[in-house]
Every structure is written in structure tokens, then in C-alpha cells.
Amino acid sequence: ELLNITVGVAAIPKDGKLQSGDCYTFLNTGEGKFIAALSDGMGTGYGAETESNIVINLLEELVDSGFDVDTTVNMINAILLVKSDKDNFATIDLTVVDLHSGETEFVKVGAAPTFVKKNENVRIIRRVSLPAGILSNVETELMRHTVKSGDFIIMMTDGVYDSFDEAENNST
């Protein structure tokens, strides 16, 4: 029995800007895997949006061509290194769910934590690393977790994640 996935998205540009530096995609590989991806371009506005769009477009093309997650992330990083003439970098945040087994892989390159909610328990998936396009070699460490029907996977960019700290600091 295949898992059914329902997705929802909420987005708002920072401080009244017209563009957000965050982009996302959802892919069904046709091989029983579902991929959710986020990219956050560094900074705000058009430059950040351009970088994150490049990451998401490359990801879609490489996955559609049959590349695995590790190769895809390394190729995106290499392209950003060659392309980047300024200090414009982007995060890569991938969640890959096997719809048959529920086995889920998380890849984080400079990305904010992901939360997996099972009933009343919440697991935090985090890895501290630099965004793509900075170093010539990105170490992709696959973190694994099994999800079941009724579980929630909550992905977010640092703008949302950091706002929780700001709200907590301003509530005193």
C-alpha cells in the first residue's frame, strides 16, 4: 500500500519585498519516491530569488534525468561554484520519501532544521553546513527516518525558523 502525501505551502517575502529568495518544488519520481525540496537564496530580493530558482530548476532536471540525490546535490554545487561571480549562494533542503516503505532520506546543505511530528513526538532533523556554491566539495550526509500515515514533515527556510527565536525574545 502506497503512502499518500498531502502538501501545503505558505510563503511571504521579507519586509514588504516583492520577491522572496525562497523556492520549492515537489516531484514524484514515478519510481515510488516523492521529493520535497526547498532552496533559500542568500540575501533578499531578485538576487536571492535567482539563486534559489537555479537550484530548484537544476534539481528538477537532474532528478528527471535519473540522477541520485548525492550526485544531484554535488552537480548543483559545482554549477553554482562555476556560475557564481558574486557572493550569491543557496541552501539545498531535500526530503525523499519512499512511498512503499515510508523510509525517508533528508539532505541538508546550509538548510534550516526539518521537523517530523509523530503523534505528540517531534524529531528534529538538522545538520550544520554551509550553503551550496561556497566550497568545491559538499559532503551529503543522508539522514534517515521512517514515516507512517498521519505523520507530518515540516520543512522551512531560516526566515521562518529564525522568527521563532525573535518571537520568544520579544515576548518578555
Heavy-atom side-chain proximity of [X] to [Y] below 4.5 angstrom:
| X | Y | answer |
| --- | --- | --- |
| His145 | Arg123 | yes |
| Thr95 | Phe34 | no |
| Asp22 | Leu38 | no |
| Val107 | Asp93 | no |
| Glu60 | Asn57 | yes |
| Val9 | Tyr24 | yes |
| Phe115 | Met156 | yes |
| Val97 | Ile5 | yes |

Verify same cluster id: [X], [Y] (apolar side-chain graph, 4.5 Å):
| X | Y | result |
| --- | --- | --- |
| Ile124 | Phe106 | no |
| Val96 | Leu59 | yes |
| Val55 | Met155 | no |
| Met143 | Val73 | no |
| Val7 | Leu2 | yes |

Between the side chain of [X] and the main-chain N/O of [Y], is any donor-acceptor distance below 3.5 Å?
| X | Y | answer |
| --- | --- | --- |
| Asn119 | Asn121 | no |
| Ser101 | Glu103 | yes |
| Thr71 | Phe67 | no |
| Asp151 | Lys148 | yes |
| Ser52 | Glu49 | yes |

Looking at [X] and [Y], what are the two nearest heavy atoms and their distance?
| X | Y | result |
| --- | --- | --- |
| Phe89 | Ala132 | CB-O, 3.3 Å |
| Asn53 | Cys23 | OD1-SG, 3.3 Å |
| Thr91 | Ser39 | O-OG, 2.7 Å |
| Gly102 | Leu3 | CA-CD1, 3.6 Å |

Rounded to the nearest 0.5 Å, what separation is found between the [atom1] atom of [X] and the [atom2] atom of [Y]?
| X | Y | atom1 | atom2 | answer |
| --- | --- | --- | --- | --- |
| Thr72 | Ile35 | OG1 | CD1 | 7.5 Å |
| Asp68 | Glu105 | CG | CD | 9.5 Å |
| Asn74 | Ile76 | CG | CD1 | 9.5 Å |
| Leu99 | Glu31 | CG | CD | 11.5 Å |
| Leu58 | Asn77 | CG | CG | 11.0 Å |

* **Test log, rule side chain to side chain contact (heavy atoms under 4.5 Å, CB included), inputs Leu80 and Glu51** => CA-CA 8 Å; Leu80 287 180; Glu51 292 299 315; 3.5 Å; yes
* Test Val116 against Val122 for side chain to side chain contact (heavy atoms under 4.5 Å, CB included), laying out the working first. => CA-CA 6 Å; Val116 179; Val122 176; over 6 Å; no
* Asked: What's the verdict on side chain to side chain contact (heavy atoms under 4.5 Å, CB included) for Lys108 and Thr114, showing C-alpha distance, side-chain angles and the deciding distance?
  -> CA-CA 9 Å; Lys108 300 197 151 297; Thr114 293; 2.8 Å; yes
* **Chi angles and distances behind the side chain to side chain contact (heavy atoms under 4.5 Å, CB included) call for Thr104, Thr146** => CA-CA 6 Å; Thr104 305; Thr146 301; over 6 Å; no
* Taking everything shown except Phe152 itself, do over 12 heavy atoms lie less than 6.0 Å from its CZ? -> no
